[in-house]
Amino acid sequence: MNYFERTKIDDIVYDNIADYQDVLVMGWVRTMRVTKNIAFIELNDGSTVHNLQIVVLNPDEFPLDKINNGASIKVRGYLEKVEGREQSIEMKAEEIEVVGEAPTDYVLQKKRHTFEFLREIAHLRPRTSTLGVVNRFRSKMSYAVHKFFQERNFHYIHAPIITTGDAEGAGEMFRVTTFDPADPPRRDSGKIDFSRDFFGQETGLTVSGQLQAELLACALGDVYTFGPTFRAENSNTSRHASEFWMIEPEMAFCDLDEMNVLIEDFIKYLFQFALEEAEEEMKFFNDRIDEDRIEVLKSIIESDFAHVSYTEAIDILKESEEDFEFPVEWGEDLQSEHERYLTEQHFKRPVMVTDYPKKIKAFYMRVNEDDKTVRAVDCLVPEVGEIIGGSQREERLEVLERRMQEENMDLEKYDWFLDIRRYGTVPHSGFGLGFERILMYLSGMGNIRDIIPFPRTPGNAMF
RNA sequence: UCCCCGAUAGCUCAGCUGGUAGAGCGAGUGGCUGUUAACCACUUUGUCGCAGGUUCGAGUCCUGCUCGGGGAGCCA
């Protein structure tokens, strides 16, 4: 079905259009080369990273003086296969209409710009080659996530954005309120009276959809969330954003070992999809961002992930004689340098580390028989360390209650969470994956602010 | 939040032991019969991040602040 009068450039460059066919294209001028008797316009319409070269054989007859970099134009003409240095097909212009002029103070001129500068003009940067590729890649990989789960009969669920709990330690919440911040209603004690707020209680933006996913998994079987997630942490790094997209599958009747197989499959599926279905984007990343990218992805697809317990990992690190900045001690969390040593130096492939000390993990993770460790898993990959974290959930009511008491949690507030353990409880497992993190890994892009169109970070919510 | 580095033309940067600012790119004008990071010639460009201080004199030295980058922590 063709809804539009215009022909898209990706259809032209990927050879879906016959030679000498008349076409109408519309797009933005990337660059132009004009001589007395011939002019060339490179047009990009956002459908592909490739520009269509438009050849103007009699420049005097066209409004070229109104066309600058960034202008939007409509061109009628015919296609022609050529032996060009950069292109195998180009377009001979017969009619050019300027849709929107772009004065020469347009900042996206024909030159390279740093990512730092482009962040300051996030409203225009999607028009650059790299950010165009990133945004199309993001779209394709979103589809890959859904495709993977839908093909396996997982149900896509929508966890609430506005919530009351913080999933116990997942992170600081952004407050949601309709109060006048200068004059909120107060109790006699002087404390703010949230019972008079919009929802009748304190609310915030979700830091994780996991708890709600557990509820739906215990009804629908296998489910996944894929939605925005918010953390009000004062994190200033290249891989943290205050608003990001997280993928959280949750499976009923599934133990940790079964889930680990799924995690490995999921990662390999996404990598394979990128190489096959986002070939243009991966080629761009490999050429322009990181020359090893495709090789790295291929090697991970072909590798068998290593499996090791936390306790074994500690032993490996202690025997390594590596000079770590942070000490290696059973009971302490693994630092980034430890994780990277395991996956890069020791195993030289992705590693699944399981059964962490319960003291350093969340209350909902299933306690092992030793009563010291829980059925948690972190998937570590070279270059970044942890990319996925998950666990088998504690399905035994008494054990979970005891664990929550140890953490001084208010059990009444989590009555609904305990109810699914009271009635027809089942073993279940789930994990979380930051979508931007996987996009960074796939693309080689080094900063999360360049992977999400309009990044929200501490001190920055522009556009 | 902590540690390190930085802020000079639209962009990327140079600017020595303090003496009032320069290049490349971009942009403009002209030229050029197939260019493709086009090419050639000429032209254009500044509250040196902000506020104090030292000095005869500060882009340069000192203090504070703001913003940006890298790393760490928190985490996905």
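Proteins come first, then strands; the chains are lettered A, B, ... in the order of their sequence lines, and each starts at number 1. Hydrogens, waters and symmetry mates are skipped; everything else that's a heavy atom, side chains included, is used.
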Comparing Glu90(A) and Phe244(A) on RNA chain B - which has the more 5′ nearest nucleotide: Glu90(A)
Given RNA chain B, 5'-ward residue of the pair Tyr106(A) and Gly434(A), judged by closest heavy atom: Tyr106(A)
Pair Phe266(A) + Phe149(A): ring centers closer than 6.0 Å: yes
Aromatic contact, Tyr441(A) with Phe271(A) (centres under 6.0 Å): yes
Under 4.0 Å, counting only non-hydrogen atoms across every strand here, what does [X] touch: a base, just sugar-phosphate, or nothing?
X         : value
Ala39(A)  : nothing
Asn68(A)  : sugar-phosphate
Gly84(A)  : base
Val82(A)  : nothing
Phe40(A)  : base
Glu86(A)  : base
Lys110(A) : sugar-phosphate
Gln53(A)  : base
Ile387(A) : sugar-phosphate
Glu248(A) : nothing

Rounded interatomic separation in angstrom, taking CD from Glu325(A) and P from rG73(B): 8 Å
Side-chain-base donor-acceptor pair under 3.5 Å for Ser235(A) and rC74(B): yes
Any N/O donor-acceptor pair, His240(A) side-chain to rC75(B) base, under 3.5 Å: yes
So which nucleotide does [N] pair with, by the Watson-Crick or G-U wobble rule with both distances under 3.5 Å?
N       : answer
rC39(B) : rG31(B)
rC48(B) : none
rG68(B) : rC5(B)
rG24(B) : rC11(B)

For [N], does either OP1 or OP2 sit under 4.0 Å from a side-chain N or O belonging to [X]?
X         : N       : answer
Thr237(A) : rG73(B) : no
Gln335(A) : rG73(B) : yes
Asn447(A) : rG70(B) : yes
Arg33(A)  : rU33(B) : no

Nearest-Å distance once atom P is located in both rG68(B) and rG46(B): 27 Å
Whether over 12 other heavy atoms sit under 6.0 Å from Lys283(A) NZ: no
Atom NZ of Lys359(A) with >12 non-hydrogen neighbours under 6.0 angstrom: no
